[in-house]
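For reference, the structure discussed in these notes is given below.
In this text the structure is predicted, and so the values were computed from the model without any measurement. Values below: all heavy atoms of this structure, side chains included; hydrogens, waters and symmetry mates excluded.
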Amino acid sequence: MDHPLIDLINARIEKAEDDGAFDNLSGAGKPLPHVDDPENALVNRLVQESGGVPEFVSLSRTLAGLRQQLVDTGDRTRRQDIMKEMSMLEARLDLARKAHGK
């Protein structure tokens, strides 16, 4: 069974073709780029274009920030808190790297 709006969709596409909306597109005549994960290609592209990164990258950035905080602070109690947080983050980072490698 066709979608209830198929006639409208086809009419809009046909009008766009007649108006030249598809002429001189940047990728015209070129092969589509290779996709490693075709089932999730659209989602992966949207995440990438919106600046999304794998969890291990995000955790690595957070860990780098904590390392800088550790260098910048002289308060002994705060340094201990930062080191505890870094320890937990390093464990999460290790798990995220292993999960990403599967």
Side-chain angles (χ1 to χ4, degrees):
M1 179 175 180
D2 284 340
H3 191 279
L5 297 175
I6 195 71
D7 293 333
L8 176 63
I9 293 167
N10 286 332
R12 295 255 174 113
I13 291 172
E14 189 174 322
K15 181 176 181 337
E17 285 177 338
D18 293 342
D19 292 344
F22 301 120
D23 296 344
N24 302 319
L25 294 175
S26 61
K30 297 178 184 174
L32 293 173
H34 175 71
V35 177
D36 292 326
D37 185 8
E39 291 181 10
N40 297 309
L42 178 61
V43 172
N44 291 339
R45 191 186 85 210
L46 292 173
V47 168
Q48 184 179 23
E49 288 176 358
S50 67
V53 293
E55 182 183 20
F56 74 90
V57 172
S58 175
L59 291 171
S60 295
R61 290 175 181 168
T62 304
L63 188 57
L66 286 173
R67 286 186 179 126
Q68 187 58 49
Q69 286 181 32
L70 189 62
V71 168
D72 293 342
T73 189
D75 179 20
R76 184 177 251 159
T77 304
R78 178 66 186 132
R79 288 179 61 83
Q80 287 177 338
D81 291 341
I82 292 171
M83 287 189 286
K84 286 178 190 174
E85 193 174 345
M86 286 174 61
S87 177
M88 293 299 292
L89 202 56
E90 286 170 347
R92 287 181 56 205
L93 179 59
D94 187 48
L95 291 172
R97 282 186 176 139
K98 288 178 183 174
H100 187 75
K102 286 184 180 179

Worksheet entry | Ser87 side, atom OG; Lys84 side, atom NZ - distance, nearest 0.5 Å | 10.5 Å
Discussion item. Once salt bridge (Lys or Arg N to Asp or Glu O under 4.0 Å) is applied, what residue pairs with a partner in residues 4-32 remain, sequence neighbours excluded?
Written reply: Lys15-Asp19
Item to complete: For Glu49, look at atom CD and say whether over 12 heavy atoms of other residues, nucleotides or ligands are found less than 6.0 Å away.
Response: yes
Discussion item. As a test of understanding, state which of Glu85, Gln68, Met86, Arg92 forms a side chain to side chain contact (heavy atoms under 4.5 Å, CB included) with Leu63.
Written reply: Met86
Worksheet item: How about Ile82 and Arg79: do any of their side-chain heavy atoms sit closer than 4.5 Å?
Response: no
Worksheet item: Is Ile13 reachable from Leu25 through a run of I, L, V, M, F, W or Y residues, each pair having side-chain heavy atoms under 4.5 Å apart?
Response: yes
Worksheet item: Rounded to the nearest 0.5 Å, how far does CG of Leu59 lie from CG of Asp94?
Response: 11.0 Å
Fill in: Transitive ILVMFWY side-chain link Leu89 to Val57, under 4.5 Å
yes
Worksheet item: From Asp72 CG over to Arg78 CZ, what is the distance, rounded to the nearest 0.5 angstrom?
Response: 11.0 Å
Fill in: Intermediate values then yes/no, side-chain contact (heavy atoms from CB on, under 4.5 Å), Asn10 and Ile6
CA-CA 6 Å; Asn10 286 332; Ile6 195 71; 3.6 Å; yes
Worksheet entry | Hphob cluster co-occupancy, Val53 + Leu93, side-chain heavy atoms under 4.5 angstrom | yes
Worksheet item: Counting distance only, does the side-chain N/O of Ser50 pair as donor-acceptor with the main-chain N or O of Leu46 below 3.5 Å?
Response: yes
Item to complete: Using the side-chain hydrogen bond (donor to acceptor under 3.5 Å, both in side chains) rule, pick out the option among Asn44, Asp36, Asp37 that qualifies with Asn40.
Response: Asp37
Worksheet item: Would Phe22 end up clustered with Ile9 when hydrophobic side chains under 4.5 Å apart are linked, directly or stepwise?
Response: yes
